[in-house]
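Numbering starts at 1 and runs along the sequence shown.
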Amino acid sequence: MPADRLFKDEATEEKGERARMSSFVGAMAIADLVKTTLGPKGMDKILQSSGRGRSITVTNDGATILKSLHIDNPAAKVLVEFLDISKVQDDEVGDGTTSVVVLCGELLREAEKLVNAKIHPMTIIAGFRMAAECALSALLKRVMDNKEDSEKFKEDLMKIAMTTLSSKILSQDKEHFATLAVDAVMRLKGSTNLESIQIIKKPGGSLKDSFLDEGFILDKKIGIGQPKRIENANILVANTAMDTDKVKIYGARVRVDSMARVAQIEGAEKGKMKEKVEKIIGHGINCFINRQLIYNYPEELFADAGILAIEHADFEGIERLALVTGGEIASTFDNPESVKLGHCKLIEEIMIGEDKLIHFSGVEMGQACTIVLRGASFHVLDEAERSLHDALCVLSQTVVDSRVLLGGGWPEMVMAKEVDQLARKTPGKRSHAIEAFSRALQAIPTTIADNAGLDSAELISQLRAEHHKEESNAGIDVITGAVGDMEKLGISEAFKVKQNVLLSATEAAEMILRVDEIITCAPRKREDRM
């Protein structure tokens, strides 16, 4: 049997050089796609979905862009899946997704030149590994840690939040939003669970009108004839059917011989409902929140008992509400002692813009808070929420790992300088790979400068010269378009973000470098059902 008949008819395979080229090209194309969104002057992308309504997203958040792409090239997929590197980066530390992709793309661009110069991929990988270790130890020498001094640490958090937000839509009001984010994260007291920070988006007003509210806000109205204010509330959060007039067996038909019987059935259903409501009231509560509908009759019964009943609270809302008030979601009410009620000091109705919402203050979980975002349109609000989420993630991670670096391309230059020195000391072909790593690191400050419309070649050479002086704090000041002192400008980044960017990008590049064959399966044929 001839070797070329190994696969099915339409299966394809690419070997050796071609496979490598195809994977390099795919990965670099992805990197070039998100490259323009990097840095404080990065551009936005419009993403249009192919689903119903052709919904549009305007964003410059690397993770969002990559999540929305449908990609055919296998290596680009590795980058997006491993990008899941970007996804992992987004879940783990919340920021730095674009940097990961750009750095990985540059590493592969350099690796391509080395492969063309007949250096074996394994030698390149060995060199990259040595360079990554060297770069990480260079950063560790220069980290700052102000955990002991709470005032300085709060300043650090503010700087990190402002640096994270300066590349987003919120950059105009970054001080205001940095304060919101830092206050929200400081309330968590070292926990990284962002569940207790709720973000509500209300169109209208400007971004500056956004505010932080202690407590929990539920996006619902209080029903008619129910108390508008309750103090020392005992809350039962439930997910149960409160609708009477349905026979619950689908397809069931009830035949009756007179109207009196219909009234009897209705009466029985009402009786059943009344019994259920009495069981619920028997828990000693004054607020009942249900995930499902509450029909008029049970609502009437609750109102007569002076209980506030809220229906159709969205699922995320009640999950978070149960968490925040210290209760649990119940669905059966036969033994009240096993149901855990939630508690809060005050429930009242508030107005935000044109809408009425329900505000829970003095909740059990003291760190809970709500950030209310205002803005001109839903697109702006969605992008603002993504930006704020990034800032909150980075801050909550920084509270745990409080090491801080300067920003603005400074860490990359510090790493590049150390890696360059290592390349000079290393004998053999690996030194070429280490040198290439150093060039790839400089691509991040180069891209930041390019995106701001500055002369990157001039700026990077100035930066390199500055960094050859001892303990230099030089980085790119995008606002003035020159080299600036990052410490004076207050541009800081979390160490954890940089560490993740470096390690994830190196690993992804390594994975793509190892490829020497791509096999595409034959597409499945549709059977004719005719």
Give the intermediate values and the outcome of side-chain hydrogen bond (donor to acceptor under 3.5 Å, both in side chains) for residues Ser387 and Asp390.
CA-CA 5 Å; Ser387 313; Asp390 282 4; over 6 Å; no
Side-chain contact, heavy-atom cut-off 4.5 Å: Leu103 with Val501?
yes
Decide yes or no on side-chain contact (heavy atoms from CB on, under 4.5 Å) for Lys113 and Glu110, but give the supporting numbers first.
CA-CA 5 Å; Lys113 293 175 199 163; Glu110 292 294 336; 3.6 Å; yes
Could you walk me through whether Arg187 and Glu214 satisfy the salt bridge (Lys or Arg N to Asp or Glu O under 4.0 Å) test, starting with their C-alpha distance in whole Å, then the side-chain angles of each, then the deciding distance to 0.1 Å, before giving a yes or no?
CA-CA 9 Å; Arg187 292 176 70 89; Glu214 298 177 6; 3.4 Å; yes
Any side-chain donor near an acceptor of the partner, Lys45 and Thr36, under 3.5 Å:
yes
Side-chain donor-acceptor pair under 3.5 Å between Thr370 and Asp213, yes or no?
no
What I want to check is whether the side chains of Glu493 and Thr163 have a donor and an acceptor closer together than 3.5 Å.
no
Salt bridge or not for Lys154 and Glu151, using N-O below 4.0 Å?
no
Would you indicate whether the side-chain heavy atoms of Leu422 and Thr426 approach each other to under 4.5 Å?
yes
side-chain hydrogen bond (donor to acceptor under 3.5 Å, both in side chains) assessment of Arg403 paired with Gln499
CA-CA 11 Å; Arg403 292 172 293 181; Gln499 179 188 9; 4.7 Å; no
Taking atom CG of Asp420 and atom CE of Met415, what is their separation to the nearest 0.5 Å?
13.5 Å
Are a donor atom and an acceptor atom from the side chains of Gln462 and Glu458 found within less than 3.5 Å of each other?
yes
With rounding to the nearest 0.5 Å, note down the distance linking NE2 in His467 to CD1 in Ile460.
9.5 Å
Glu106/Arg439 ion pair, N-O < 4.0 Å:
no
Do Asp44 and Thr59 make a side-chain contact, defined as non-hydrogen atoms from C-beta onward lying under 4.5 Å apart?
no
Leu373 versus Leu207: any side-chain heavy-atom pair under 4.5 Å?
no
Supply the atom-to-atom distance Glu385 CD to Leu392 CG, rounded to the nearest 0.5 angstrom.
10.0 Å
In terms of the angle between their ring planes, are Phe128 and Phe437 parallel, tilted or perpendicular, with boundaries placed at 30° and 60°?
perpendicular
Show your reasoning for whether side-chain hydrogen bond (donor to acceptor under 3.5 Å, both in side chains) applies to Ser55 and Ser49.
CA-CA 5 Å; Ser55 65; Ser49 79; 3.3 Å; yes
How long is the gap from OG1 on Thr98 to CG on Asn60, to the nearest 0.5 Å?
7.0 Å
Ionic contact status for Glu510 with Arg129, cut-off 4.0 Å:
yes
Using a 4.5 Å cut-off on heavy atoms from C-beta on, say whether the side chain of Ile352 contacts that of Arg374.
yes
Atom of Leu139, atom of Lys498 and distance for their closest heavy-atom approach
CD1-CB, 4.1 Å
Steps toward side-chain contact (heavy atoms from CB on, under 4.5 Å) verdict (Ser99, Ile444):
CA-CA 7 Å; Ser99 308; Ile444 289 191; 4.1 Å; yes
For Ile217, is there any backbone N or O sitting under 3.5 Å from a side-chain donor or acceptor partner on His359?
no
Assess whether a salt bridge exists between Glu155 and Lys152, defined as any Lys/Arg side-chain N lying under 4.0 Å from an Asp/Glu carboxylate O.
no
Are the charged groups of Arg109 and Glu112 less than 4.0 angstrom apart, N to O?
no
For Ala178 versus Ala161, what's the shortest heavy-atom pair and its separation?
CB-CB, 3.7 Å
Quick test of your reading of the model: are Arg20 and Asp516 salt-bridged, counting only N-O distances below 4.0 Å?
no
Return yes when atom CD of Glu354 has more than 12 non-hydrogen atoms of other residues, nucleotides or ligands closer than 6.0 Å, and no otherwise.
no
Please examine the side chains of Leu489 and Lys159, heavy atoms only from C-beta on, and report whether any two atoms are closer than 4.5 Å.
no
I'd like to know if the side chain of Thr447 pairs up with that of Asp450 as donor and acceptor (distance under 3.5 Å, no hydrogens or angles considered).
no
Please check if the number of heavy atoms outside His70 that lie under 6.0 Å from its NE2 is greater than 12.
no
Going by the side chain to side chain contact (heavy atoms under 4.5 Å, CB included) test, name the single residue among Val404, Val394, Val399 that passes it with Leu157.
Val399
Whether Ser68 side chain and Thr64 backbone form a donor-acceptor pair below 3.5 Å:
yes
Residue Ile56 excluded, over 12 heavy atoms near CD1 under 6.0 Å:
yes
Hey, what do you get for NZ (Lys174) to CG (Leu165), rounding to the nearest 0.5 Å?
9.0 Å
Backbone of Ile448 reached by a side-chain donor or acceptor of Asn451 within 3.5 Å:
no
Under 4.5 Å between any side-chain heavy atoms of Leu405 and Ser492, yes or no?
no
Scanning both residues in full, the closest heavy-atom pair of Gly408 with Met486 reads CA-SD, 3.8 Å
For the CD1 atom of Ile491 and the CG atom of Asp477, what is their distance to the nearest 0.5 Å?
6.0 Å
Just wondering, do Gln421 and Glu418 contact through their side chains at under 4.5 Å, heavy atoms?
yes
Between Met413 and Leu463 the two heavy atoms that sit nearest each other are CG-CD1, 3.7 Å
Using a strict cut-off of less than 4.0 Å between a Lys/Arg side-chain nitrogen and an Asp/Glu carboxylate oxygen, indicate whether Asp401 and Lys496 qualify as a salt bridge.
no
side-chain contact (heavy atoms from CB on, under 4.5 Å) between Met130 and Arg430, worked out:
CA-CA 9 Å; Met130 286 169 68; Arg430 280 181 306 184; 3.7 Å; yes
Taking atom CE as the centre, does Met144 end up with more than 12 heavy-atom neighbours from other residues, nucleotides or ligands that are less than 6.0 angstrom away?
yes
If you look at every heavy atom in Ile124 and Ala111, which pair is closest and at what distance?
CD1-O, 3.9 Å
Under 3.5 Å, is there a donor-acceptor pair between the side chain of Thr164 and the main chain of Ile160?
yes
With a 4.0 Å cut-off, would you call Arg424 and Glu435 a salt bridge?
no
Checking Leu108 against Ile512 for the side-chain contact (heavy atoms from CB on, under 4.5 Å) test, could you report, in this order, the C-alpha distance in whole Å, the side-chain angles of both residues, the deciding distance, and whether it holds?
CA-CA 8 Å; Leu108 290 169; Ile512 293 169; 3.9 Å; yes
Which heavy atom in Ala474 sits nearest to a heavy atom in Glu466, and how many Å separate them?
CB-CB, 3.7 Å
